[in-house]
Structure formats: structure tokens, C-alpha cells
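Notes follow once the structure below has been shown.
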There are 2 protein chains.
Amino acid sequence: MKILTGDYATLIEHLERSGQQDEQETVENQVKDILRAVKETGDEALITYTKKFDGVDVVDFRLSKEAIQAGYEQTTPEVVAALQAAKKNIESFHQKQKQNGFVDAEKSGVIRGQLVLPLETVGIYVPGGTARYPSSVLMNALPAKIAGVKKIVMITPPDVNGVPDGILAAAAICGIDEIYQVGGAQGIAALAYGTETIPKVDKIVGPGNVYVATAKKLLFGEVAIDMIAGPSEIVVLADQFANPRFIAADLLSQAEHDTLARSILITTSEELALGVQSELEAQLSDLPRAKIARQALEDHGYLFVVPDLKTQFDLMNAIAPEHLEIQIAEPMSHLSRVKHAGSVFLGNYASEPLGDYLAGPNHVLPTSGTARFFSPLGVEDFVKRTAFISYTKEALRLEQEAVTVLAREEGLEAHARAIEVRFEEDVGGEQ
Amino acid sequence: MKILTGDYATLIEHLERSGQQDEQETVENQVKDILRAVKETGDEALITYTKKFDGVDVVDFRLSKEAIQAGYEQTTPEVVAALQAAKKNIESFHQKQKQNGFVDAEKSGVIRGQLVLPLETVGIYVPGGTARYPSSVLMNALPAKIAGVKKIVMITPPDVNGVPDGILAAAAICGIDEIYQVGGAQGIAALAYGTETIPKVDKIVGPGNVYVATAKKLLFGEVAIDMIAGPSEIVVLADQFANPRFIAADLLSQAEHDTLARSILITTSEELALGVQSELEAQLSDLPRAKIARQALEDHGYLFVVPDLKTQFDLMNAIAPEHLEIQIAEPMSHLSRVKHAGSVFLGNYASEPLGDYLAGPNHVLPTSGTARFFSPLGVEDFVKRTAFISYTKEALRLEQEAVTVLAREEGLEAHARAIEVRFEEDVGGEQ
């Protein structure tokens, strides 16, 4: 892995080159065909695509309660206990995100307020293959539960070996009993439009491959979606006192995900960078997913040596990383320098995988620089707001002039008259 | 305007037929070309498209401070006073939406928390032509200001007659001094990618025509956007004691917007429906925009007579209207029946235009049934959340087993090792 020394301008250029992505016109056209077919023919299209893409003849998309229970029972007690421990922390953290509505009755005759209501139905997508993570089931389902969502529907691609027990255990632990074996763009389309067997939902959350991501993007507006996920990244900010072995281990935990993952160290210490470099080699030597991790480090990894703390934070904020570790002395004191990051891990012991599984904050995070404007998945993703107002006649009278002046300024005469009609002499008394 | 009497199933069928929209493949391809051109050639593309679509040769996209000030000064004192009054109410309502971050230090050695940070840069789109509404400038800009957004950029299509004074007055009142005269998909592209003169923003808000809406949708992910806006609607729920003249006036205020607007009354009283029907005719007779309103009522308006209160609310919730008026005795007591609506107007004097301009809640609302999952524009649209954690070595030790068990269950060995490396014997002491 390369060590690069330089100032902000030089290093940012490297990053921008490495971040470029390809156009994906072809995928989009394929996905559009799939969406149209599912919209028009429902289950029939699902059966066809499931045979074509997953190689499975589906008889019944829905998993039985017995199958879910069996998966739970076949999961080892250690895994069940770990999922339960994670659930406890995730719930206690997300409980603090709950928002209340409010009512404002400060002005005479005027009541204004805001309701916060849970979404009615939510769909969770759980990817197939090696990316089928029980922890993601918890991270997607528990905030929805806390928000008060009544109906949670999970879909996941069918597999000749069946849905992994760990996934079923995680679903059972979250109280999810409605699981359909359908994946890809066709699964997303089914959730968005509804079919004979799959219910239409209000929002679709959960990661997926490029077909899933494209389908979600195309259907945004028809349903709500969580975010557009891209390759994920970690930035570690470290000073000369940080531990190179810890940092190398954390960079590798990111790099082992896939070859597009970005692992970046930004340090003021060349000595530390050298230490991390040699630790990476040492730790790669017996890592099961070494091939993937090595490729990711080669293509998208950087060890940046910068002149000062300010440059460290400027570069990091320019990246707006999904995960940020601050392994600098007195890490908490630097929190106010963070402008754009999904989740921040402070100090030498808040290792990123701790956040992936157990600490409690969500691991569904904005990637590829979208932490500039997107947030971690949370309870707020599963509610919506509704405003309300109530005015007495007298209170309306006080606003009458301003409303009618503005309505006529905008050329909307009927808007002005809707107020004035209420003060005509023959309309009757107060209510 | 038709009166239809029936039960839930019959009436919902009518609504579904009337809500259908066309495919828009052509628009999408045109917009894609525009986005590509702006991305590649920046200002050059903006100049070309502005000449082509707006018929204007732009020398300098940016409006000078003097031009903004002149617009403000040429606005009548009545309009300025009305905008100031609106601003006051909008601010006091949106102040209550402000969210704080939190910190949780309940568990020994563990600190978990969430920051709420304002977006850095926001772009506001103000449409051209007759849809150029000063009130919309306030509704888009003030929540951003309250959220703490430092840089607000406004764009609006150029016009041979110049930008209307009312728009400039509203901008000046909100403290917006960065306004560019560029509109359409090319304007949205400029905000998303940035050009030589127009800054790249983190989020784009504001209504627009189909080209603007399509550009926003296509760029979602590259930037954040507020919502996908469609034709707007009002549903009025009324009992036999409601005032047909008020209701007709409110239905017309919706219908005068455009011919796609939906005005729907759902009442348990046939007598009221008949009264509203004849009031509509009477009030249409001298309405300036009668032609538009009549067409909207004809194509998308309904007077529904239903058997009971439950059917009223069931139908309304199925529509998930942008605006909901409840003109039923003791309106506030029915608030808990509202599952899906953007903004609710309770009682005979909370006329919808009051909410458009002055009451304080936002008038940028989810349309076309998207109130099932989208919210009114608000302070929350202009912030993002960042989670953080800090663990001592001892606190990490307590989670070690659960993290490593889950990491290995998911086949992510490097994740497990990132925790374990911190407890190897030779790594040194506590930090």
C-alpha cells in the first residue's frame, strides 16, 4: 500500500481520481424492463425472473413460520446470545432518537402543531450470497420497530441451500414473521408495486447489489427509500502515539468487504504510516479474505502523511467518510472538527467492527461522500410528519390582510376570496 | 362537478382511475442529455440552454446586490409587511422543529451519541413564469436558515422582464444574496455538479416543472433533494353543519393552481354536497382563473357522499392528501383518525390559503399520495445526523465475545481480529 506525503491540494487530487465510477446505462435499461414486467404481471414476472436469475423454481414465495422457527433453532446459542446482546444496545441507542410531535398554543385563538406518525408498512431487503448478514437484519428492523411501524416485510433472494439460519434467527429475534424469497430488482419492484402475494410497502430499506440499488433509485417517489449506497469507506485519523497494529487491523476490516472498499489513513506521522504499512503486510499474511483486502488496498487504499491536524480534518471532511476513526490524543476534543462523517469512532478502543455489530448506533451509513447530506439509518427514517392548524374566526381576521395581499401578489384570486368569504355579512355566526 | 354517492370500494375505484399518469421516457432522455452537457462543459452548456429554452442571452448569471435591493425597494409596503408577517409565523413554527443531538453515558466506559449538523450548502429552485411565488421563497429558505445552513444559493429562470420584485423582496427578507438566473434541468444540473460560476450544493429544494422534477430525481444521490412533487390536492371532510360557501371557496383555491389539481369533498351529507356544487358554480362566475379551475374540477374534482365518518376517513387516508380540511363538529377530536396527510386544517376558519401563506407550517408538502411516506419540508430537511462512540479497553472487553462471534458468523475474519488485536499481550497499556 502506497504512502503519499503532501498537502491538501495534492492529496485531494489522488482521491478524486480514485473515486470515479462508470456510467451504467445498460443496468438501468435492464432494470426498467424488470420493473415494468413486475408492475404489469405481478407474481408471474417474479416467478420468471427468479428462475432466470436465481435458478430456482419457486412454489411459494413466503417462508412458513415453521421454517423461520427452524432456522432460529438451528442457530448456535452463541450466535443467538450475540444477536440478543446487539439488539439490546441497538434498541437503547435508537430509543433516544424517538421524536415527539408538538403543539403550540401561544397565540390567542391559534393552535399549531406537528404529529410524528410511523410509516404503516416497510420492506427490508436482505441481499443474498456471501453478503447475507444477520447484523443487517437487526440494524434495519429495530429502528422501524421503535418508530412504531406495524408491518415489516422482509425479502431475500432464494438459494438452493435455503436462507441461512443466522438470517432467520435475526428475523425471529426482531419479531419479523413475513419473509419472502425473492431478490434483485424484481424483489424491489414487488415491494414498490405490490403483487398478488407480496404486499406494497411505503418504504424500502436495506443494501443490495447494483440491480437492487438501481431499482430503488428508479422507484424513489413511488415509494420512499433509505439511501443510495455505494462502495463503503473508512478514514482513520491518527497521530504519532497511535497504535499501528490497531489501525492496520481496522483498515483491513474495511478492505475485506469488497475490492471497491476504501481504507484511508491520514496521519501527521510518517513513522506511524510506515508502521501501519508493515503491519498491513503482516496481518494480510493469514487473512482468509486476503485476496479481496489486498486488491481493495491496492486500488483504493491510501496512507496519507500530512503536515498538520488541520489538513487531516480538511481532507477527511472532503472525503465525508462513512466510518471515521479518530486515534489522536484526547479524541473527544476533536469532535467539533467533524463536519461530514456517517459514524465516528473515538480513541483506540472504539474499533469500527464494534460499531458494525454491537455498540448500538446504526451500521447502515451514508457512503461515497454522501455523508455531506445523508444520515445514518435511524428511527427518523421510519416516521413522517404531519402539520396541523386550528384558527378561530377572530384569529383568522388578524391574518386576513396579509393572506389576501400575498395571494393577490401571486395572482391567486381564489386564495384571497377563500379568506374573505368567511367575513361576508350573511355567512352566519362563530363556530 | 360530479356528485358521487357510494361506499369505499366504489369511490376508491374512481380515484384510482383519475390518478393515473403518463410515462415520460422522452423527457427523461432530454434531461439526461442536459445533465451530461452541464457536467462536461459547465457554464458553456448553461449559456447554450438558456438561449435555447429561455430565449435570453446571459452575460452574467449572478444578480447583483443592487438588483436584489432594487427589487425589494420596488415592492409595495403592503407586500413587504405581509411577507414580514409570514416570516415571523414561519420562523416561530419551524423553531420548534429544531432537533438537538444527544449523548448517552449510562454504561460504564461507554459514550455514545449523535450530532445534528446543518447542511453546508443548499440550493433553492424558484420556478419561472406565473408560478413564481414569493411565499415559496420564504417556505424554502427559512427552515434552512433555522437549521443553520450557512450558504443558500437561489436559482430562477431568466425573464425578459427581469425577476419579479416580489421574489427579490422575499429573498432579501430571508437574507439571500446569492441569486443566479438559470432555470430548468440545466439549473438543477449546475447546482448538483457546480460550474465555473455556480457553486455545487449538498441539497436542492423547491418546486418546478416536469424537467426540473426529472432532473432532481435523476440527480438524487449525487445531491440530496426535498421530494418528488406531483399535482397537488385538497381533501375536505365535512358534515351536514359545515358551510358550503367556505368549502367551495377552498376547493376553488386548490383548483385555480393548475388543471391537474385535485379538489375533493368527502361528506356524509348529500345536502351539503348539493350546496357546495351550486356554490362552486356561483363563485366560478367571476373568478379570474375560472377556466383553469373549471377544467381541474371537471377532470380531477369529486364531491363524494359516503355513508359514515369511518368511510370519510378511510377514503381520505387512501388518498393521503397534501392538504386536508376537517370541517366536522369538534374537528380536533378527529385528529387521531388522520394517518396520511401533509397538512391538516381544522375547523371552519383554518382555510387552506391561510396555511399557504401565513399560519407558519410549511406549504411545501408531499403530493400525489406520497404523504404516506414523505413529510412537509422542515428544519429536518436541512440537517444530517452523525453518530459517535467512545469505549475504554475494559468496556470493549465486555463486548469482545459478541462482536467476534457475529463477525465470524458472517465470515468476516478481519472484523473479529480488529477487536482481538487490542487484547494481545504485547500491545501495551491502557489509553
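Quick note: numbers below take in every heavy atom, side chains included, and nothing from hydrogens, waters or symmetry partners.
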> For A/R422 and B/D250, what are the C-alpha separation, side-chain angles and deciding distance, and is it a side chain to side chain contact (heavy atoms under 4.5 Å, CB included)?
Replying inline: CA-CA 11 Å; A/R422 284 161 159 96; B/D250 294 349; 2.7 Å; yes
Drop me the distance from [X]'s [atom1] to [Y]'s [atom2], to the nearest 0.5 angstrom.
X: A/T386; Y: B/H340; atom1: OG1; atom2: NE2; result: 9.0 Å
X: B/F388; Y: A/M332; atom1: CZ; atom2: CE; result: 6.0 Å
X: A/R385; Y: B/Q97; atom1: CZ; atom2: CD; result: 6.0 Å
X: A/F374; Y: B/L119; atom1: CZ; atom2: CG; result: 10.5 Å
X: A/L358; Y: B/E401; atom1: CG; atom2: CD; result: 11.0 Å
X: A/E410; Y: B/S136; atom1: CD; atom2: OG; result: 6.5 Å

Let me know if [X] has heavy atoms under 4.5 Å from chain B in its side chain, its backbone, both or neither.
X: A/E279; result: neither
X: A/L346; result: both
X: A/N362; result: neither
X: A/L284; result: neither
X: A/S92; result: both
X: A/K203; result: neither
X: A/A395; result: neither
X: A/A224; result: both
X: A/R289; result: side chain
X: A/I389; result: both
X: A/F102; result: side chain
X: A/T370; result: side chain
X: A/L115; result: side chain
X: A/Q99; result: side chain

>> List the residues meeting side chain to side chain contact (heavy atoms under 4.5 Å, CB included) with A/K200, not counting sequence neighbours, and say none if there are none.
In response: A/E222
>> If the condition is side chain to side chain contact (heavy atoms under 4.5 Å, CB included), which residues does A/K339 pass it with, not counting sequence neighbours?
In response: A/N317, B/E120
If you count heavy-atom pairs under 4.5 Å with chain A, which of [options] comes out on top?
options: B/S375, B/A402, B/S390; value: B/S375
options: B/A82, B/P118, B/A255, B/A414; value: B/A414
options: B/A249, B/A416, B/P353, B/P288; value: B/P353
options: B/L251, B/L218, B/L365, B/I247; value: B/L218
options: B/G360, B/G378, B/P134, B/G166; value: B/P134
options: B/A248, B/P164, B/G347, B/A341; value: B/A341

Look at [options] and state which one has the largest set of heavy-atom pairs under 4.5 Å with chain B.
options: A/E352, A/E78, A/M227, A/K32; result: A/K32
options: A/I111, A/L287, A/T121, A/I326; result: A/L287
options: A/R132, A/E380, A/Q254, A/R408; result: A/E380
options: A/S135, A/G411, A/A86, A/A85; result: A/S135
options: A/V338, A/I228, A/V110, A/L335; result: A/L335
options: A/V403, A/L117, A/D202; result: A/D202

Looking at [X] and [Y], what are the two nearest heavy atoms and their distance?
X: B/I225; Y: A/F220; result: CD1-CE2, 3.8 Å
X: A/F93; Y: B/A387; result: CZ-CB, 4.4 Å
X: B/Y357; Y: A/L406; result: CD2-CB, 3.7 Å

Is [X] in contact with chain A via its backbone, its side chain, both, or neither, using a 4.5 Å heavy-atom distance?
X: B/L412; answer: both
X: B/Q95; answer: neither
X: B/I292; answer: neither
X: B/A371; answer: backbone

>> Tell me if a side-chain donor or acceptor on A/K384 pairs with a main-chain N or O of B/P376 at a distance below 3.5 Å.
In response: no
>> Test your reading of the model: is there a side-chain donor-acceptor pair from B/R112 to the backbone of A/N89, 3.5 Å cut-off?
In response: yes
>> Run the side chain to side chain contact (heavy atoms under 4.5 Å, CB included) test on B/Y349 and A/T392 for me, step by step, so that the C-alpha distance in whole Å, both residues' side-chain angles and the decisive distance to 0.1 Å come before the verdict.
In response: CA-CA 6 Å; B/Y349 292 95; A/T392 60; over 6 Å; no
>> Please determine whether a side-chain nitrogen of the Lys or Arg among B/E106 and A/K96 lies less than 4.0 Å from a carboxylate oxygen of the Asp or Glu.
In response: yes
> Should the pair B/H257 and A/H415 be assigned to parallel (<30°), tilted (30 to 60°) or perpendicular (>60°) ring geometry?
Replying inline: perpendicular
